[in-house]
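Taking it in order: structure first as structure tokens, then the write-up.
We name chains A, B, ... by the order of the sequence lines, and we start the count at 1 in each one. Since the model is a prediction, treat every value here as computed from it, not as a measurement.
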Protein chains: 2
Amino acid sequence: MSKKKPTILEVAARAGVGLGTVSRVLNNHKSVRPETRARVLKAMEELGYTPNPHARRIAGGRSYTVSVLLPFVATEFYRRLVEGIEGVLLEKRYDLALFPILSQARLRRYLESSTLAFLTDGLILASYDLSEHFEGSRLPTDRPVVLVDAKNPRYDSVYLDNFLGGQLAGEYLARFPGPIFAVKVEEEPDRAFHHTVFAERLAGFREALKAAGRPFPEEHLYTTRLSQEGGRLALRYFLEKASPPLNVFAGADQVALGVLEEAERLGLTVGKEVRVLGFDGHPFTEEVGLSTIAQPVEAMGARAAQLLLERMQGYAGPPRAVRFEPLLIERASTRTSPAVPYLP
Amino acid sequence: MSKKKPTILEVAARAGVGLGTVSRVLNNHKSVRPETRARVLKAMEELGYTPNPHARRIAGGRSYTVSVLLPFVATEFYRRLVEGIEGVLLEKRYDLALFPILSQARLRRYLESSTLAFLTDGLILASYDLSEHFEGSRLPTDRPVVLVDAKNPRYDSVYLDNFLGGQLAGEYLARFPGPIFAVKVEEEPDRAFHHTVFAERLAGFREALKAAGRPFPEEHLYTTRLSQEGGRLALRYFLEKASPPLNVFAGADQVALGVLEEAERLGLTVGKEVRVLGFDGHPFTEEVGLSTIAQPVEAMGARAAQLLLERMQGYAGPPRAVRFEPLLIERASTRTSPAVPYLP
DNA sequence: CTGAAAGCGCTTACAG
DNA sequence: CTGAAAGCGCTTACAG
């Protein structure tokens with residue numbers, strides 16, 4: 001029940017200028033004398049003024065809000081991605097609205113209705129190529145759209161070369177003695193939204209092993225959902241197939257963490273009896289000494305946001321595809337190093 | 001790039017009425033002749049008109065949008081909850097905007113800024129009692145707030161009696177021969193947002209076993225994150241402690257499903273050698289024949305939405321607390337029944 | 001560089 | 001029951 005929010009009018013009064021001028025500093029018009037601008041900013045500060053996005057939208061056609069549609073899965077990956085996106089957006093004074101995609105039906109409704117929450121200035125789609133669900137493979141919106149962690153010839157896309165990531169993993173593990181195993185992360189049950197990153201990683205991995213002349217029988221592959229517990233089950237399964245030393249490539253850091261955890265629990269020396277290589281390069285991998293194929297998630301998010309800003313500013317060229325490359329980071333989990341205890 | 005959205009003016013023109021009348025049918029004013037109303041509705045239909053929520057917000061102070069803040073975890077529970085909320089909101093022509101809570105910092109920013117996405121007419125908070133993060137234990141908003149799956153004396157709340165649910169589970173399992181085990185679901189790593197439902201379920205369970213004179217040693221409890229794989233690990237752990245028949249109470253259906261899965265895999269007869277009781281009553285439990293303590297999630301969501309609507313319509317009484325009771329549903333997983341194979 | 005005015009798409013008294 | 005008008009908080013030519 002705080003007092004009514006101040007408007008541009010009160011700011012103008014306090015700064016001793018017209019309301020047009022306040023609007024101009026709000027919109028970074030260069031035709032405002034630095035002195036005036038400072039006075040206005042001060043007034044805004046003192047009044048605790050924030051612009052009303054509804055009014056901005058109504059008056060100027062822009063609401064300074066961007067929508068991010070993302071899978072409804074709480075992973076470190078999306079946390080990082082959103083962080084990257086938000087970083088560049090905030091700089092340009094844009095807000096973002098997150099849209100977890102609970103179901104296809106919901107998405108449809110979002111896009112086809114003119115829900116307030118959806119009347120934003122631009123869209124970023126993460127991981128899912130949603131366009132396939134709409135006729136003409138185009139989203140029913142006239143706002144700019146950018147995909148991240150996905151590819152589509154009709155829209156700007158920012159993606160990681162997951163195949164290459166798998167290859168790096170394969171080449172690396174092929175150098176160690178002992179059999180090689182892999183954990184694949186299952187696609188989500190809702191087949192309507194699929195992404196292929198995990199399949200691509202595995203394909204690259206297979207190719208590299210083949211090129212290195214290392215065998216990779218089908219029973220060396222374990223599939224599970226994205227969970228730490230899945231990694232634990234995987235290692236148990238592998239230990240039924242072969243005895244240490246074992247080399248394990250986990251398609252995601254979270255799963256790799258489970259492998260690590262179970263190895264410790266079973267009293268196996270990580271980095272020697274069980275070598276583990278993850279994928280993603282999440283911050284926690286450093287703490288636990290997990291080797292990983294790192295992807296610059298934040299940078300990818302930031303790039304996506306930049307592409308979108310350009311579009312919102314009028315750029316109308318053909319769709320751009322920005323490819324990022326993963327990077328192998330070697331840590332204790334693939335290195336024998338007696339003095340590196342794993343602490344969960 | 002579809003042609004510009006039609007406005008209220010075009011609708012008025014086509015219907016041959018003033019724009020005030022169009023607005024009136026939009027807002028369900030009773031002072032519109034049925035005949036006129038029909039004409040206007042027809043015109044809207046033909047034009048594909050949808051009102052601009054920004055303009056409504058600006059002009060009338062209401063945007064007909066409600067925000068739902070929910071944990072960023074993709075579970076059946078939240079899918080059902082949102083469905084329940086949405087059901088009653090749509091009926092009243094309200095839209096909803098979902099806000100997955102990625103982090104506490106984000107929440108703060110949401111609430112304290114006047115992000116477009118947050119300028120809605122009311123708030124529903126799911127599971128987390130976020131108020132504790134703000135001074136005065138009140139959210140920094142002057143809009144009505146309702147909690148669901150959580151309790152707070154300062155706001156309307158809708159919650160399940162989880163303790164009772166645990167008791168029902170304990171009383172029920174106490175009737176069977178064989179040792180009793182339980183899987184507890186771990187709280188989330190981010191301690192800033194905690195909820196206590198799983199602890200409450202376990203407390204009720206313990207109490208019931210005690211009352212029934214059934215032992216429940218500490219080693220009969222297994223804690224895991226909310227994942228199917230966690231249930232599988234749990235059953236393996238239990239089988240190290242005792243041999244069948246075993247009775248297992250899983251604090252969540254998803255985990256119970258993992259127990260079921262692992263039992264099948266190990267060739268144990270579900271319902272006889274391993275009895276499993278879940279919690280939540282999710283739709284899939286019926287398909288797999290899983291006994292469960294059902295909670296009326298959709299109904300809880302609907303109730304929360306109703307409470308909020310009442311507040312938005314001006315109701316200003318003291319906070320209300322609506323308590324729901326769970327219900328035991330008995331199925332094959334706790335019933336010996338040779339002809340009920342479990343198919344994953 | 002800056003004011004005053006028109007306009008964005010609606011709602012809501014105010015008259016009739 | 002229904003028009004015509006004022007107003008919501010902003011942006012943006014248009015003048016100066």
Between Thr36(A) and Leu19(A), which is nearer to the 5' end of DNA chain C once each is assigned its nearest nucleotide? Thr36(A)
With heavy atoms under 4.0 Å as the rule, sort Arg62(A) into base, sugar-phosphate or nothing. sugar-phosphate
From the candidates dT12(C), dT11(C), dT2(D), the one with an atom nearest any side-chain atom of Val32(B) is dT2(D)
Contact class for Ser31(A) (heavy atom, under 4.0 Å): base, sugar-phosphate, or nothing? base
How would you label the contact of Ser23(B) with the nucleic acid (heavy atoms, under 4.0 Å): base, sugar-phosphate, or nothing? base
Would you indicate which nucleotide in dT11(D), dC8(D), dT2(D) comes nearest to any side-chain atom of Ile58(B)? dC8(D)
Any side-chain heavy atom of Val148(B) sitting closer than 4.5 Å to one from Leu125(B)? no
Polar side-chain atom of Ser63(B) near backbone of Gly61(B) as donor-acceptor pair, under 3.5 Å: no
Measure the distance from CZ on Arg33(A) to C1' on dC1(C) and round it to the nearest whole Å. 7 Å
Please confirm whether the backbone N or O of Leu96(A) pairs with a side-chain atom of Thr65(A), one donor and one acceptor, at under 3.5 Å? no
Roughly, in whole Å, what's the span from NE2 in His54(B) to P in dC10(D)? 13 Å
Side-chain contact check for Ala59(A): nearest option of dG9(C), dG7(C), dT2(C) is dG7(C)
Is any side-chain N or O of Tyr49(B) closer than 4.0 Å to OP1 or OP2 of dC10(C)? yes
Arg93(A) CZ: over 12 foreign heavy atoms closer than 6.0 Å: no
Answer yes or no: does a side-chain N or O of Asn52(A) lie under 4.0 Å from OP1 or OP2 of dC10(D)? no
Does dC1(D) have OP1 or OP2 under 4.0 Å away from a side-chain N or O of Arg39(B)? no
Whole angstrom is fine here: how far is it from CG in Leu26(B) over to P in dT2(D)? 15 Å
Ignoring backbone atoms, test whether Arg24(B) places a side-chain nitrogen or oxygen under 4.0 Å from the OP1 or OP2 oxygen of dT12(C). no
Can you check whether Arg14(A) reaches Val40(A) side chain to side chain, under 4.5 Å on heavy atoms? no
Is there a side-chain contact between Arg56(B) and the phosphate of dT11(C), meaning an N or O under 4.0 Å from OP1 or OP2? yes
Does any non-hydrogen side-chain atom of Ile8(A) lie less than 4.5 Å from one of Tyr49(A)? yes
Provide, to the nearest angstrom, the distance between the CZ atom belonging to Arg57(B) and the C1' atom belonging to dT11(C). 13 Å
Could you tell me how far apart Ile8(A) (CD1) and dG3(C) (C1') are, to the nearest whole angstrom? 13 Å
When the distance from CG of Leu9(B) to C1' of dT11(C) is rounded to whole Å, what number comes out? 14 Å
Please state how far atom OH in Tyr64(A) lies from atom P in dC10(D), giving the value in whole angstrom units. 13 Å
Begin with the C-alpha distance, continue with both residues' side-chain angles, and end with the deciding distance and a verdict on salt bridge (Lys or Arg N to Asp or Glu O under 4.0 Å) for Arg80(B) and Glu76(B). CA-CA 6 Å; Arg80(B) 292 172 65 196; Glu76(B) 183 71 9; 5.4 Å; no
Can you tell me if Thr7(A) touches the phosphate of dC8(D), counting only side-chain N or O atoms and a distance under 4.0 Å to OP1 or OP2? no
Identified stems (criterion: three or more consecutive Watson-Crick or G-U pairs, under 3.5 Å), DNA chain D: C:1-3 with D:14-16, C:5-12 with D:5-12, C:14-16 with D:1-3
Looking only at heavy atoms, what is the nearest atom pair of Pro319(B) and Pro153(B), with distance? CG-O, 3.2 Å
So what does Val17(A) hit on the nucleic acid, given a heavy-atom distance under 4.0 Å: a base, only sugar-phosphate, or nothing? sugar-phosphate
